[in-house]
Amino acid sequence: MSFYVVDVALPVPLLRTFDYLPVEGDARENYQPGQRVRADFGRQLLTGIVLGTRDSSEVPTNKLKPLLARLDDAPLLAPRDLSLARWMSDYYHHSLGDVLEHWIPTMLRRGAGLNEADESGWQRIASPNTEPALKGSKQLALWQQFQRQEYIAHRFLTAQGFSLAQCRKLAELGLIEEQTRLPVPALPESVRPALQLNDEQASAVKKVSDVLGQFKACLLEGVTGSGKTEVYLQLIDKVIQQGKQALLLVPEIGLTPQTVRRFQERFNVPVALLHSGLNDRERLQGWRQAREGQARILIGTRSAVFTPLPDLGLIILDEEHDGSFKQQDGLRYSARDFALVRAHQAQVPVLLGSATPSLESLHNALTGKYLHLKLTRRAGNARPPGMKLHSILHQPLVHGFAEPVLTAMQQHLNRGKQVLVFLNRRGFAPLLACKQCGWNAECRRCDARMTLHQYPPHLHCHHCDYQQPVPKVCPECHSPDIEPIGQGTERIEDHLSALFPQTPVKRVDRDTVRTKQAFDDLFEEIHTGDPCILVGTQMLAKGHHFPDVTLVVILDSDAGLFSADFRGMEHSAQLIKQVAGRAGRAESPGDVWIQTLYADHPQLNLLIDDGYHALALSILRERLDQQLPPYSHMAMLRSECEDRAMAQRFLEQARYILQHWLKQYGQKDAPVTLLGPVPAIMERRNGRYRFQLQVFCSERKALHQTLDAALKQLQELKGFNKVRWHIDVDPLDTL
DNA sequence: AGCACGCCGACT
DNA sequence: GTCGGCGTGCTC
Ligand SMILES: [Zn+2]
Ligand SMILES: [Zn+2]
């Protein structure tokens with residue numbers, strides 16, 4: 001038997017893989033890329049992924065340890081999965097072992113067998129024509145079930161009132177036997193017919209259908225209510241009919257029961273779901289249903305983009321501009337960008353849908369890199385909501401509302417309609433201050449103010465979660481004259497209850513709807529259509545449509561207008577449009593009133609008068625001038641440390657190292673440039689000082705080469721053990 | 001990232 | 001004397 005080693009990726013943050021001797025006596029052909037193995041690593045036990053075998057190792061033989069066990073015979077991951085993981089490891093400068101953790105459900109990472117997703121049930125083994133002499137009528141009824149279906153999961157039988165004893169009796173008679181299987185999602189009782197498409201929708205379906213079977217990125221830019229979902233449904237139908245699987249990715253908050261039901265009721269195929277509300281076993285089940293091909297449609301949130309699909313035919317990413325597609329810690333990947341890479345590998349189209357596309361995607365569509373599909377008309381020829389800026393500069397406000405806004409609210413309520421008040425700030429008030437000495441309640445761990453909450457009363461830092469009781473008197477001057485300044489959703493709810501005593505006021509934010517279930521329940525309630533006022537944060541803006549809301553009031557659009565972040569205006573506009581789109585339907589179009597101190601703000605006016613697309617073009621011109629994304633590529637190094645000087649010094653070192661490599665890899669027409677280190681906008685958070693260093697280049701390759709080389713040296717730096725740092729490729733924000 | 005080793009100050 | 005603080009180094 002000849003010598004060989006197994007190359008293993010382990011879940012440790014080291015940018016290399018590890019050689020192991022095989023399990024004692026295990027033949028080389030037993031090792032295939034994608035299997036799980038147990039490895040003795042340092043002083044810990046880890047589950048790793050086999051990448052391959054080699055004749056020899058660079059590592060001295062006496063340092064090589066044998067693997068403790070091979071956990072799979074058949075590889076868990078296919079070569080295509082491994083090659084995608086390698087791409088991700090390179091692109092995000094993250095360890096391959098850590099990256100591979102994202103491909104595998106938690107249970108399997110802990111070494112569980114695939115069959116632990118199975119559930120018990122009974123398989124008919126006798127001919128369905130058998131007419132056994134059965135005593136009880138219940139037993140006969142049970143046998144009749146099996147005459148119709150040859151396999152029934154145990155939980156369905158208990159749900160119908162059959163007992164384990166009755167099943168065992170049939171088993172004793174040789175009619176059925178116990179068998180465990182992977183549960184398959186139920187099919188709908190009846191399939192709903194497709195809707196009639198308008199010509200724009202039909203054209204979009206046609207254009208994407210034409211490129212099925214090849215890679216093509218498509219941007220579906222469709223105004224709210226223009227019927228994007230119907231386009232998705234009809235494309236998925238085509239994909240299924242070709243015997244392929246469809247992957248639909250949605251933002252976390254968009255995976256509502258209504259949406260899911262719409263997909264499930266349309267197709268006579270199993271639909272698998274993967275979202276954060278599932279337990280480990282349910283996740284494993286969904287993953288296997290997708291990977292083993294039982295599920296033909298997979299609907300999931302960000303992390304579902306990794307799920308192996310043997311017959312992938314189409315990827316759809318809805319609300320593609322949504323920030324939740326970018327992971328904000330650990331492996332900072334963008335599910336949108338990865339979906340493109342995956343679609344390219346599988347040679348299938350990827351469809352990005354949004355009413356307010358990200359400037360990256362819009363730019364790619366405008367330059368012809370993506371197919372640009374537009375839906376400009378609302379279904380049923382509904383008029384778009386009328387948006388109106390209402391200046392509150394030098395205007396008296398009644399509990400945060402301008403008088404004409406309150407009048408409009410009353411009018412809509414009188415007509416038996418619902419009103420939505422949007423305020424992206426939870427709590428009672430964003431500030432508690434002393435009238436006598438000017439003291440502000442600030443977080444002791446952050447450069448931020450504490451938010452005052454009243455239900456129940458406490459001060460809460462939304463940046464680090466630090467909480468403390470509300471002081472009775474000013475801690476500085478002991479005056480009892482301390483008061484809340486500004487409005488949060490709690491306070492607006494109070495004010496509205498006083499202003500409209502006859503109308504129920506419902507608050508929707510993270511504090512009132514803690515669970516997905518609570519949100520779904522509240523949503524059902526709102527859907528009865530009874531007049532009410534909804535007050536809420538961006539929770540209200542995403543995912544759900546409220547057909548009985550005919551007036552939307554936006555209270556604090558100003559926060560984003562002067563953001564320090566270069567994407568601030570883009571995100572503000574997306575949010576305003578999204579909130580506005582919650583209102584109205586065909587027969588009763590909605591009104592949208594935006595209270596603002598800056599009614600002259602040119603970009604805000606552009607958004608209101610000419611729409612998102614026009615504003616987007618204007619912002620793109622600014623980005624071009626400033627050579628910001630999408631006209632350059634960016635990576636960000638962030639450091640944080642309780643010791644301010646240490647955090648800063650780390651990035652100064654990083655700058656020094658980067659400066660060396662960018663001379664080598666930067667080109668004359670594509671230089672690599674550095675910005676920083678500078679303190680983060682909120683310099684101290686959770687007791688740690690934060691700094692950042694931005695790296696730009698118009699060429700991805702040079703940027704990555706520079707980062708790669710610098711990263712190796714950064715990891716070797718000594719004396720920075722207390723500094724926490726990371727690289728964020730294509731960061732979402734620079735705050 | 002873990003985890004252990006090792007070298008210094010302040011306790012029984 | 002030793003308990004434990006955290007700086008340093010290593011993991012096939
Ligand atoms: Zn005071
Ligand atoms: Zn804080």
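The sequence lines fix the lettering, A, B, ..., with proteins before strands; numbering per chain opens at 1. If you're wondering where the values come from, they're calculated on a predicted model, not measured in any experiment.
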List, one per line, each side-chain donor-acceptor pair under 3.5 Å for residues 89-103 of chain A, sequence neighbours excluded.
| unit_1 | atom_1 | unit_2 | atom_2 | d |
| --- | --- | --- | --- | --- |
| A:Ser89 | OG | A:His94 | O | 2.7 |
| A:Tyr91 | OH | A:Arg700 | NE | 3.0 |
| A:Tyr91 | OH | A:Arg700 | NH2 | 2.8 |
| A:Tyr91 | OH | A:Asp730 | OD2 | 2.6 |
| A:Tyr92 | OH | A:Ser334 | N | 3.0 |
| A:His93 | ND1 | A:Asp708 | OD1 | 3.4 |
| A:His93 | NE2 | A:His704 | ND1 | 2.9 |
| A:Ser95 | OG | A:Val12 | O | 2.7 |
| A:Ser95 | OG | A:Asp98 | N | 3.0 |
| A:Trp103 | NE1 | A:Phe306 | O | 3.4 |

Per-nucleotide protein contact string for nucleotides 5-12 of chain C (B base, S sugar-phosphate only, - none; heavy atom under 4.0 Å) = --SBS-BB
List the atom pairs, donor and acceptor, that lie under 3.5 Å between side-chain atoms in residues 648-667 of chain A and the rest of the protein, sequence neighbours left out.
| unit_1 | atom_1 | unit_2 | atom_2 | d |
| --- | --- | --- | --- | --- |
| A:Arg655 | NH1 | A:Gly676 | O | 2.7 |
| A:Trp661 | NE1 | A:Gln713 | OE1 | 2.6 |
| A:Gln667 | NE2 | A:Tyr665 | O | 3.2 |

Partners of A:His462 by ring-ring contact (aromatic ring centres under 6.0 Å, His included), sequence neighbours excluded?
-> A:His453, A:His460
Distance-only donor-acceptor hits, side chain of residues 273-284 of chain A, under 3.5 Å, sequence neighbours excluded:
| unit_1 | atom_1 | unit_2 | atom_2 | d |
| --- | --- | --- | --- | --- |
| A:His275 | ND1 | A:Gly277 | N | 2.9 |
| A:Ser276 | OG | A:Glu252 | OE2 | 2.8 |
| A:Asn279 | OD1 | A:Arg281 | N | 3.1 |
| A:Asn279 | OD1 | A:Glu282 | N | 2.8 |
| A:Arg281 | NE | A:Glu116 | O | 3.1 |
| A:Arg281 | NH2 | A:Asp118 | O | 2.5 |
| A:Glu282 | OE1 | A:Asn279 | N | 2.9 |
| A:Arg283 | NH2 | A:His275 | O | 3.1 |

Quick one: salt bridge (charged side-chain N to carboxylate O under 4.0 Å, His left out) pairs with a partner in residues 68-82 of chain A, sequence neighbours left out?
-> A:Asp26-A:Arg70, A:Arg36-A:Asp72, A:Arg70-A:Asp73
Can you give me every donor-acceptor pair (side chain of residues 14-24 of chain A, partner residue at least two apart or in another chain, under 3.5 Å) with its distance?
| unit_1 | atom_1 | unit_2 | atom_2 | d |
| --- | --- | --- | --- | --- |
| A:Thr17 | OG1 | A:Asp7 | OD1 | 2.8 |
| A:Asp19 | OD1 | A:Arg54 | NH2 | 2.6 |
| A:Asp19 | OD2 | A:Arg54 | NH2 | 3.3 |
| A:Asp19 | OD2 | A:Ser57 | OG | 2.6 |
| A:Tyr20 | OH | A:Asp40 | O | 3.0 |

Protein N or O to nucleotides 6-8 of chain B N or O, pairs below 3.5 Å:
none

What residues, two or more places apart in sequence or in another chain, satisfy ring-ring contact (aromatic ring centres under 6.0 Å, His included) together with A:Phe566?
-> none
